[in-house]
Amino acid sequence: MNGFPWSAFATGLAWAAAAALAVMLVTFAVAVRLGVHRIVDVAWGIGFTAVALTTLAASAGHGDPVRRLLATGLTAAWGLRLAVHIARRGRGHGEDPRYEAMLAKAPGNRNVYALRMVYLLQGALVWLVSLPVQAAQYVPGRPSLLAWAGVALWAVGVGFEAVGDAQLARFRADPAQRGRIMDRGLWAWTRHPNYFGDFCVWWGLFLLVCDAPAAAAATLVSPVVMSLLLTRGSGKRLLERHMADWPGYAEYRARTSGFFPRPPKRAAGRGRR
């Protein structure tokens, strides 16, 4: 097995950064025209897809073809599913309350502030979190059992996200459930099946790099950062702070795992918001 091509990888990093930046700048221009910045959430999945495709092209002549197609295809499948889901969920709605609250405190021009604090920051995170996807394109040798275990973990993650999102969408669409806490299906096993799914997806993609230990060590920061974002950053922590005062939520929280799935402590009840 030949060594990892660090010089080519470094060049690919620059192309990936350009791809992530381009997606965010185009999204920013559309958002300013529409007057709604929530569409940046749609660009999150698109950005990862653009980075994966760009790196696939930039890494031509390097790496194992099977691993390269896995890294690109799995990332694109996850990113595009997420983008479509968020776009459908936000159709017909106004500005996201999170961005409205943030921009209400903006010093100076709101759009310039949004560009700096939302779009460029998310573009940088897309580039950072996707480092294992970028590195996997350059790893020589056929995928090992560890890499295929990563594919299986990715599948578990996408399954949790897709099933959890579908269950929640059906629940919200039922007028009889209006004002109730979603505590059924996967939501009875974890309060955040979508965030747990993201966690599995990115640790699974990281395992694609682990056949090259030095590259794995260099990109370990990526799944760690994603895990922190999901559990302590803009994911679980902020959502639970928003839901803390909902009637019935304290009981739901007491019986349901906060992240990793496990059986509920007792039969799921239903509380009103």
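From a predicted model like this one, the values you see are computed outputs, not experimental measurements.
The aromatic ring centres of Trp44 and Phe48 sit less than 6.0 Å apart. Checked against the 6.0 Å centroid threshold, Phe196 and Trp189 do not count as a close aromatic pair.
If you check the side chains of Trp203 and Ser227, you find a donor sitting under 3.5 Å from an acceptor. Under 3.5 Å, the side chains of Arg68 and Ser59 contain a donor-acceptor pair of N or O atoms.
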Under the side chain to side chain contact (heavy atoms under 4.5 Å, CB included) criterion, do Glu161 and Trp78 qualify, and how do the steps go?
-> CA-CA 9 Å; Glu161 288 189 62; Trp78 169 83; 2.9 Å; yes
CA sep, side-chain torsions, deciding dist, call: Val151, Leu208, side chain to side chain contact (heavy atoms under 4.5 Å, CB included) = CA-CA 8 Å; Val151 175; Leu208 290 177; 4.2 Å; yes
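Residues Pro193 and Gly164 approach most closely at CG-CA, 4.4 Å, considering heavy atoms. Across every non-hydrogen atom of Ala71 and Thr75, the tightest pair is O-OG1, 2.7 Å. Nearest heavy-atom pair across Ala135 and Phe4 is O-CE1, 3.5 Å. Across all their heavy atoms, Leu103 and Ala114 have their closest contact at CD2-CB, 3.7 Å. The two residues Thr256 and Arg262 come nearest to each other via the heavy atoms C-NH2, 4.0 Å. The heavy-atom pair separating Ala83 from Ile46 by the smallest distance is CB-CG1, 3.8 Å.
Linking ILVMFWY side-chain heavy atoms closer than 4.5 Å, directly or via other members, places Leu145 and Leu74 in two distinct hydrophobic clusters. Under the 4.5 Å side-chain heavy-atom criterion for grouping Ile, Leu, Val, Met, Phe, Trp and Tyr, Val224 is connected to Phe206 within one hydrophobic cluster. Connection of Leu82 to Leu53 is not established within any shared hydrophobic cluster, with ILVMFWY side chains joined at heavy-atom distances below 4.5 Å, either directly or through further cluster members. Using a 4.5 Å cut-off between side-chain heavy atoms of Ile, Leu, Val, Met, Phe, Trp and Tyr, with links allowed through other members, Val32 and Val118 fall into the same hydrophobic cluster. Val156 and Val133 fall within the same hydrophobic cluster, where Ile, Leu, Val, Met, Phe, Trp and Tyr residues are linked whenever their side-chain heavy atoms come under 4.5 Å apart, directly or through other members.
With values rounded to the nearest 0.5 angstrom, Arg191 atom CZ is found 7.0 Å from Tyr252 atom OH. The line from CG of Leu131 to CG of Leu205 is 12.5 Å long, rounded to the nearest 0.5 Å. Rounding to the nearest 0.5 Å gives a distance of 4.5 Å between CG of Leu120 and CG of Leu115. Rounding to the nearest 0.5 angstrom, the gap separating the CG atom in Asp198 from the CG atom in Leu230 is 5.5 Å. The CE atom of Met226 sits 11.0 Å away from the OH atom of Tyr195 when rounded to the nearest 0.5 Å. Separating the CZ atom in Phe28 from the CZ atom in Arg33 is a distance of 14.0 Å, to the nearest 0.5 Å.
Inter-residue side-chain proximity for Val40 and Tyr99 is flagged as met; some heavy-atom pair is nearer than 4.5 Å. Taking 4.5 Å as the limit, some side-chain heavy atom of Gln122 sits within range of a side-chain heavy atom of Met24. In this structure, Phe199 and Pro223 have side chains that are not in contact, with every pair of non-hydrogen atoms separated by 4.5 Å or more.
Trp202 contributes no side-chain N or O that, together with a main-chain N or O of Pro132, makes up a donor-acceptor pair within less than 3.5 Å. The backbone N or O of Leu186 lies less than 3.5 Å from no partner atom in the side chain of Thr190, so there is not a single donor-acceptor pair.
Under the side-chain contact (heavy atoms from CB on, under 4.5 Å) criterion, Thr55 pairs with Ala16, Val51, Gln134, Gln137, Tyr138, sequence neighbours left out. Checked against side-chain contact (heavy atoms from CB on, under 4.5 Å), Ala31 has the following partners two or more places apart in sequence or in another chain: His37, Ile39, Tyr119. By the side-chain contact (heavy atoms from CB on, under 4.5 Å) test, Asp64 is found to be paired with Val66, Arg67, Arg142, Pro143, residues two or more places apart in sequence or in another chain being considered. Under the side-chain contact (heavy atoms from CB on, under 4.5 Å) criterion, Asp165 pairs with Arg81, His85, Asn194, sequence neighbours left out.
Heavy atoms of other residues, nucleotides or ligands lying less than 6.0 angstrom from CG of Leu34 number more than 12. Within 6.0 Å of the CZ atom in Arg88, the count of heavy atoms belonging to other residues, nucleotides or ligands does not exceed 12.
Electrostatic pairing of Glu100 and Arg110 counts as a salt bridge here, judged by a charged N lying under 4.0 Å from a carboxylate O.
Residue pairs that meet the side-chain hydrogen bond (donor to acceptor under 3.5 Å, both in side chains) test with at least one member in residues 144-159, sequence neighbours left out, are Ser144-Asp211. For residues 5-31, the set of pairs meeting the side-chain hydrogen bond (donor to acceptor under 3.5 Å, both in side chains) definition, not counting sequence neighbours, is empty.
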